[in-house]
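Take a look at the structure set out below.
The chains referred to below are lettered A, B, ... by the order of the sequence lines, with proteins before strands, and numbering in each begins at 1.
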Amino acid sequence: MLISSIKNEILTAVEAACQNQFGQKPETLKLGYPPQVELGDFTVECFPLAKQFRQNPAQIAQAIAAKIEPSKSIQSVAAVGPYLNVKIYNRALFGGVCDEIVQQGERLGNTDMGRGQRVMVEYLSPNTNKPLHLGHIRNGVLGMGVSNLLEATGHTVIKANLVNDRGVHICKSMLAWQKWGDDGTPETTDTKGDHFVGDWYVRYAQEEDKHPDLEQETQGMLLKWESGDPETLKLWEMMNGWVYDGFGETYQKLGLEFDAFYYESQTYNLGKDLIQDGLQKGAFVVAEDGAVIAKLPVDEFGTQRDGSQKVETLLRSDGTSVYITQDLGTAKMKFDEHQLDRSIYVVGSEQNYHFQCLFKLLDMLGFEWALGCYHLSYGMVNLPEGKMKSREGTVIDADDLIEEMFQLAADEIRGRDSEGELSDEEVQKRAFAIGMAAIKFYLLRVRPELTINFDPKESISFDGFTGPYCQYAYARCASILRRAQMQDFASVEADFSLLGNEEELQLIRALIQFPEVVEEAARDLSPARICNHLFTVAQTVNQFYHKHPVLAAENPPLIQARLALINASAAVIKKALALLGIETLEEM
RNA sequence: GCGCCCGUAGCUCAGUUGGAUAGAGCACCUGACUUCUAAUCAGGUGGUCGCAGGUUCGAAUCCUGCCGGGCGUGCCA
């Protein structure tokens, strides 16, 4: 018996009862869950029916409850105030859910909500002059998490990375290396490529104060690059290559994947023709100084300080393009190349205004797909001392943090392994999985739009509302299931009617809700919803674990039923963690 | 000035899109390992849901106005 059939059975029964009692079917029926499991497994709110049938909702509940007879799955229906609480036979409830979860396998929790929809998720999008930092990690895990959610709900997802590989910033690194680098390379200095290039960027900043003419040299180099000077291009390609090698390592550690890479060196000239179209259509205008601008509607953008209408520059007065010029072109290219229905940009909230403009401009150009563009904005990651500032050296480096989490987890594991039974390899494997789980969960557990105050102590915690806590609940389930395999219960059939204590009911409810949570999370583009529900499941598993023995339960049919419940719970935890990009461990 | 975001327990956050008595984690106090892993569990302490109105049978949730904080605000990205 599928859980969806149970739900349908309830809805059908209520519809029939309404037909019987009031002569018409209800217009809307919402199936929910009672606040306490003792009250029932499902509930139907009678408030909407009150309007339709012009009666007090409590009376309606009473009347309907009286008309519903127990059926295949429905054990009883009770009217409690305006609520219709439905109790399902434990046999059907537990048996149905556990069987269904096993059958679904990898597809557990997946839905076809987004079937046929093509979505691009652009995320990370780093500059190539510096290594990645904590903010990039938030972006990366959010981008991956959202992509996973969209895939689980049936969307076709294209994960894209728009690399900012050109401009003054990279020229600064190039110039510094050229002047003082002595032909050093990441290999000769044993430095990770992106850090190597980043070091030259820092060196540039240091020398800038002493050499005021450096800036002019940088501009000169940028001009050479733009004119296609072979030597400059060669240097540029070499240094970017080092950066990509470095980024690649970090992506792999964090489990970040991309289906498409865009490079600004190839896109920065896009968009100019769109601007011309816009001018012809009259969407844009040429300002007195020669720049092409767009006037932004006051009702959406407000006014300037002096009260006048806001404007956005689309082409500089010298005719060259600005950032938003190429963004317009790239946006169109994405839709043209991939036949997208939606295009999501995972970019920090400091660019809220930029994307509001971008999408409005696309709309002004008459692209109907502009409605499919969405800026998934996320808050900054601040430190206890305040904002991360590269000048003050307070930026938390991504690779350093990954290493630190790994070491902390390794110390913890060794501390628990007093007998020294674990091989170094095993310790490292677990430490990596646990360390990454801690940092990813910490960054994903709050809504994207919230600013995170990065508390180092809390972020490295393995207790409470954390990734390792959830991994631990899984490992416990896995341990029970392993032991069960060594014993011989297989000949006995599970008797699900023996289940039904409070912890079991709470557990089964959390498992039932999982697919709904996945859909909500996908709809809201919020992996935090998965974190919250995952934690509830893990917490409930731990409570059940302490209160009720599985392998030492009273009789084999009960043991088998509880094993099935544990198996189903483990599967849900594993899938939820996978959606967050977090590994599970069979042993911790 | 204007636009967007945030405001719930000492701290960090949930709150099923308007429904049953507002929930967790951390911190603090007390208890539970010869029993499937104590990275765990049980109990206790802790609330004018920023303030004031409004809509509704019903508001932390929707509307209006304030207060406080953050990010932005035409030729940077």
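Each of B:rC71, B:rA39, B:rA77 was ranked by its minimum atom distance to the side chain of A:M380; first place goes to B:rC71. When distances are taken from the side chain of A:R416 to each of B:rA77, B:rU12, B:rA39, the shortest belongs to B:rA39. Ranking B:rG74, B:rU21, B:rA77 by closeness to the A:H354 side chain, first place goes to B:rA77. Taking the side chain of A:R447 as heavy atoms from C-beta on, and the options B:rG72, B:rG7, B:rA24, the nearest nucleotide is B:rG7. When each of B:rG74, B:rG72, B:rA24 is scored by its nearest atom to the side-chain atoms of A:Q539, the top-ranked nucleotide is B:rA24. Candidate nucleotides B:rC71, B:rA39, B:rA14 were compared by shortest atom distance to the side chain of A:D463, and B:rA39 ranks first.
Within 4.0 Å (heavy atoms only), A:A475 reaches at least one base atom of the nucleic acid. Backbone-only contact: A:Q543 has heavy atoms under 4.0 Å from sugar-phosphate atoms and none from a base. At a threshold of 4.0 angstrom between heavy atoms, the contacts of A:Q513 with the nucleic acid are absent. Among the atoms of the strands shown, none is found under 4.0 Å from any heavy atom of A:K295. Within the 4.0 angstrom heavy-atom criterion, base atoms lie near A:I413.
One can find a donor-acceptor pair under 3.5 Å joining the base of B:rA20 and the side-chain atoms of A:N85. Counting distance only, with no hydrogens placed and no angle test, the side-chain atoms of A:S317 and the base atoms of B:rC75 include a donor-acceptor pair under 3.5 Å. Residue A:T466 places no side-chain atom within donor-acceptor reach of the base of B:rA39, judged by atom type and a 3.5 Å distance cut-off alone.
Neither OP1 nor OP2 of B:rG74 sits under 4.0 Å from any side-chain N or O of A:R316. Distances shown here put every side-chain N or O of A:Y353 at or beyond 4.0 Å from the OP1 or OP2 atom of B:rG72. Side-chain N/O atoms of A:K51 include none lying less than 4.0 angstrom from OP1 or OP2 on B:rC57.
Glycosidic conformation, B:rU17: syn, with the torsion inside 90° of 0.
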Using the 3.5 Å cut-off, write out each protein N or O paired with an N or O of nucleotides 31-36 of chain B and the distance between them.
unit_1: B:rC36; atom_1: O3'; unit_2: A:R483; atom_2: NE; d: 3.1
unit_1: B:rC36; atom_1: O2; unit_2: A:V550; atom_2: N; d: 3.4
unit_1: B:rC36; atom_1: O2; unit_2: A:L551; atom_2: N; d: 3.1
unit_1: B:rC36; atom_1: N3; unit_2: A:V550; atom_2: N; d: 3.0
unit_1: B:rC36; atom_1: N4; unit_2: A:Y545; atom_2: O; d: 2.4
unit_1: B:rC36; atom_1: N4; unit_2: A:H548; atom_2: O; d: 2.8

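For the pair A:L39 and A:A291, nearest-nucleotide mapping onto RNA chain B gives the more 5' position to A:L39.
Using modelled atom types, one finds no donor on one side chain facing an acceptor on the other under 3.5 Å when comparing A:D289 with A:S317.
The distance between the ring centers of A:Y345 and A:F359 falls below 6.0 angstrom.
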